[in-house]
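Read through the structure below, which is laid out as structure tokens, and then see the notes.
We use all heavy atoms of the structure for the numbers below, so side chains are in, but hydrogens, waters and symmetry mates are not. Below, read A as the first sequence line, B as the second, and so on, with proteins coming before strands; counting in each chain starts at 1.
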Amino acid sequence: MAQTNTSFRLPESIKKDTLSFRQKVKDFLDGQTTPAIFQAYRVPRGIYEQRQTGEFMVRVRAPAGVILPEQAQRLAELSRTYGNGVLHITTRQDVQIHEVKIEKTPDILESLLEVGLSPRGGGGNTVRNITACPRAGVCPDEAFDVRPYAIALAEYLLDFESSFNLPRKFKVAFSGCSQDCALASVADLGFFANIKDGTEGFTVYAGGGMGSHSRVAVKIEDFIPGREVFSVAEAMKRVFDQYGDRTNKHRARLRYVLDRLGQDEFVKLYQQQREKLKQEKLQTPTIHPIISTSKASGQSNSTTTDRSLVEYHNWRRANVSAEKEPGAFTIRLRLALGDISANDLEKIASLAGTIGAGLIRTTQTQDLLLCRVREDDLPFAFAQLSGLKAGVLSAGGPKLVACAGASTCRLGLCRSRDLASAISTELDTTGWSIEWNGQVIRISGCPNSCGHHPIGVIGLQGRAKRLDGKLVPCYSVLVGGKVGQGSARLAEQVAVVPAKNVPALVYDVLGLLQSSAADRESLDSTVADSKEKIARIAAKYSHIPTIEQQPQFYQDFGATEDFSLAGRGPGECGAGVMDVIRLDIDQAKQSLDRAKESTDGKTKSDTVYEAIVAAARALLITRGLEPRKDREIFSAFAKHLIEPGWIGQGTEKLLNQALDYRLGDIADIGHLQESVARMLARVEELFHSLDANLNFRVEPISKKHVDPNPPKDNEHVIDLRGVECPLNFVKAKLALEKIEVGGILEVLLDGGEPVENVPASFTEQGQEIVDTSESNGHFLVTVRRRN
Amino acid sequence: MSLTEQQIERYSRQIILKEVGGPGQEKLLASKVLIVGAGGLGSPAALYLAAAGVGTLGIIDYDNVDLTNLQRQVIHNTSDVGREKVASAAEKIKAINPDVTVQTYRERAAAANIREIIKKHDFVLDGTDNFPSKFLINDVCYFEKVPFSHAGILRFDGQMITVLPGQTACYRCVFDKPPPAGLVPSCSQAGVLGPLAGVIGCLQATEVLKYLLGVGELLTDRLLIFDGLGLQFREVKVTRNPDCRLCGQEPSITELADEEQAACDLKASQ
């Protein structure tokens, strides 16, 4: 197979997981698994449903952005056979196959496995693709080649089941120098290569990320020797695991933990975890150095025509750059918005097999690179690449990075890719010739920042504005974002303009920057200095005309209908166990609401029953159970949640009544609404307390052990076991009233509702609960009369 | 006296109340309340007081159930038409709560008989439909020092006040004597919306229970006016009148006398 020292090896656990995938898909197709459960299963395996129902996307991880020619061949074949014949390169160096049917995904996964690829951890709340500088190993500026570390860390982390059930996604990046081409300064965990006393090592940052609440990472280590990347990553993963908020996926990423705890506490917790790991004597893998080769095509005599000679030189100036090894070059294949056809990718793969390092690299700007190409082979490469359909030879112009946008993403507000095309057209038709060979314009269709607009020199973020009751697609214009070790900063918003004005605005702003910035290196400072000027330009474009004046302003790029937010919905990105539980809890709530509203006895009972089933099912998945029959759900709930004391014992009676109703033994359970609401409240409380390992962080209802022979009834003890709520409280209260103020009453109660409710009622009425203790499933509550 | 298991269960929802508890329930069971008039106001009041476990309920009414009563006098059923109201009411009360002892008085409330009846009770609920009876109840309660709840309803409006005789403003402090005959229309002339009786009758029952339990603020020295059409409650502050002919400093009413005025609903009181 395709295992070499240059790319990563899939852990055995992932191979096994892949082979069990077919059965899971079959179960789903046979109706054995619900769509929600199946979603929670497939998303962490990198398989997302697209905006079009029934079409799926497979996101294949490429650690350090390295793809072997045979892997690229296979990806191309799979896209052509099962998908839409186009591969998409993501900003995190993955490769995506689009528009595949779910029943074909097992074939795809097994076929990928043959060439050492997997989408495992491509989505969901997992350790995502571990990225690295796309030119790692050849970049003249790098401290050293970071790929061996990125690949070894990927192999290491992917072997742990815990890496696939985190509070939210966890992104790790390795940059070879402080310029940060890998975007480590805005990653959850970012490594910057440094050499100290001749030792390879890293300065480490954590807690960065881009989204609706972007944040630059903070430094957690000045320098660690290279071998310690494993313990650093594992320690930070554990901090995330323990402190990430699993119940709110919008506030779950590591950066929220950092915000919540503050930097000092955050770093302290991380250090404690590292200490623990030292004691655990973490087994760490070997880091294999990458053995670099450089192939020659043997066709260095290939020539070009005179006409193409001009093109060749333009191409070479814009897309070919020198490497640290003299005589070796990197070729950048510029892809429009990261798309490449399967046919083109095959040709590139075959070219990559004959020249240079024998690899294809994916970049964070959604391009492909061929490295270690000998100067003699450049004309040959040019000739080969000229035959591609994609215009990978384009000479310069600012690079546009855009997210999927509203055309395909369920979260998208604006059609960011269509705006990118419109900007390209504007720059082309107005004869733009600037040659900043880096990412300049970053576009996100919504605040979630998938287009990385917060780090754009120019960033554009889709939004909607309303004028006279009509929605207008607009973009926030942000400037001055950048990445870099210790120098990262988020772009600042300078204006909000209607989408249709954005291309002209971009043209003007680039003109301003071109006239002010001498080169790429001074661009950042130029932008910072020009903020006011840019704001003035933007102000010129911020006016929204009325729909009568300019109806096209009310339509987004690439759309022929008036702009609307219809069809927006929750994305699948964070889908996981938590969402499945949330789904059940919501369903139980809705059923209870319907029961409340219902005036018909049968409907009321039916909806109460539904609520009981959903509430009982919700947490079972955390115990690794997915029973489908109601009876199985109830018995699993009794065994795994009531017996261990997580839910009160009174609930078991509730389940029995529900079953009796289902069997027709009792005609009406409408009156159980309140009890179901209490059961649901406890289920929700347990849900919110779930930790990394799906353990509940709250105390079980049983508290401590007491004398197994409870005291007999006497003047100051009352045995109310077997007495239901609220009669038990009534009796206890009557008993307490017979005691003088200041006196003590001991009440024996059942677990569950009784022990939840009776002490609470006493407290509410101003009496004092001195103690609650447990013995063999019942409870002794000590009350002091206070009034 | 100790509550039985059944009583604990029956009254559990009010025993739970901090303001009631076991002692409160026992007080209710030991109390005697007289309901004057088993009509619009008396019906809901009797039902709720019985349900709450007021131990003895006296009901005084001379009338028989008439078909026109059923629109608002909810203690009577269609099959009761023609029966004595007190018998019909007693039957319903027993059905709701056998704990309650019902004493029925099939009599017209008059100066000659009512004093002996009222003095046996802890509280009187005035559910009468005419001014002379209301003044009579006020006067007897003053002489016997029995607290009472006064109320009246007409069309969409109702009014009520609670009187602690000798301590708070009495009915005569506010209204010296009945209006001249014909000035205020009767229910049979002007009509009344049924639920008005329910709203005000239930508020009276609430006052009864509060008084018996000794909790909350009674509706004393305040005339509560309910506007059903606007759905608004309004309060008018009233104070004891030093010139009140009954409870003032120089009282002129020193013995009972029947005030003279036509009863509200002639047909029902024939």
Side-chain angles (χ1 to χ4, degrees), chain A residues 650 653 671-675 677-678 713-750 753-769 781 783-787, chain B residues 1-32 44 47-56 74 95-101 122 194-195 198-199 202 205-206 208-218:
Chain A
K653 189 171 167 204
H671 61 283
L672 296 178
Q673 270 179 74
E674 270 183 39
S675 308
R678 277 197 296 271
D713 253 23
N714 64 39
E715 206 179 354
H716 298 298
V717 180
I718 180 167
D719 184 355
L720 295 174
R721 289 175 295 175
V723 182
E724 279 180 66
C725 295
L727 211 57
N728 45 18
F729 173 63
V730 172
K731 292 188 168 181
K733 180 180 169 166
L734 290 169
L736 187 71
E737 283 168 354
K738 294 197 173 80
I739 295 172
E740 283 175 18
V741 171
I744 291 277
L745 174 74
E746 292 183 296
V747 189
L748 269 170
L749 292 167
D750 290 325
E753 281 181 12
V755 78
E756 285 167 40
N757 296 340
V758 173
S761 298
F762 271 127
T763 305
E764 192 193 321
Q765 302 203 344
Q767 314 298 358
E768 183 193 349
I769 300 301
V781 175
V783 194
R784 188 191 310 276
R785 184 170 177 192
R786 284 294 182 193
N787 57 52
Chain B
M1 168 181 168
S2 184
L3 298 170
T4 65
E5 279 297 304
Q6 282 214 333
Q7 285 173 328
I8 291 171
E9 205 164 331
R10 174 185 286 268
Y11 306 117
S12 60
R13 293 303 192 277
Q14 69 195 31
I15 292 174
I16 284 179
L17 294 171
K18 192 169 178 242
E19 292 77 5
V20 182
Q25 188 59 50
E26 288 168 17
K27 266 193 231 168
L28 294 183
L29 286 165
S31 297
K32 297 178 175 180
L47 293 172
Y48 275 107
L49 293 177
V54 172
T56 303
V74 295
I96 286 174
N97 191 349
D99 278 353
V100 180
T101 305
D122 301 312
V199 170
C202 287
T206 309
V208 174
L209 296 179
K210 277 161 61 188
Y211 173 80
L212 298 176
L213 293 166
V215 301
E217 302 288 324
L218 291 171

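More than 12 heavy atoms of other residues, nucleotides or ligands shown are found within 6.0 angstrom of CD on A:E737. No more than 12 heavy atoms of other residues, nucleotides or ligands shown are found within 6.0 angstrom of CD on A:E674. For B:K32, the NZ atom sits in a loose shell: 12 or fewer heavy atoms of surrounding residues, nucleotides or ligands are nearer than 6.0 Å.
Rounding to the nearest 0.5 Å places CD of B:Q7 at 11.0 Å from CG of A:L734.
Salt bridge B:E5/A:K731: present, at least one basic N to carboxylate O contact under 4.0 Å.
When the ring pair (Phe, Tyr, Trp, His ring centres under 6.0 Å) test is applied to B:Y211, the partners found at least two apart in sequence or on another chain are B:F123.
The closest donor-acceptor contact from the side chain of A:K733 to the backbone of B:L17 lies under 3.5 Å.
Between A:L727 and B:I8, the shortest heavy-atom contact is CD1-O, 4.0 Å. Summarising the geometry of A:P726 relative to B:I16, their closest heavy-atom pair is CB-CD1, 3.5 Å, with the distance given to 0.1 Å. Looking at every heavy atom in both residues, B:K18 comes nearest to A:Q765 through CE-O, 3.0 Å.
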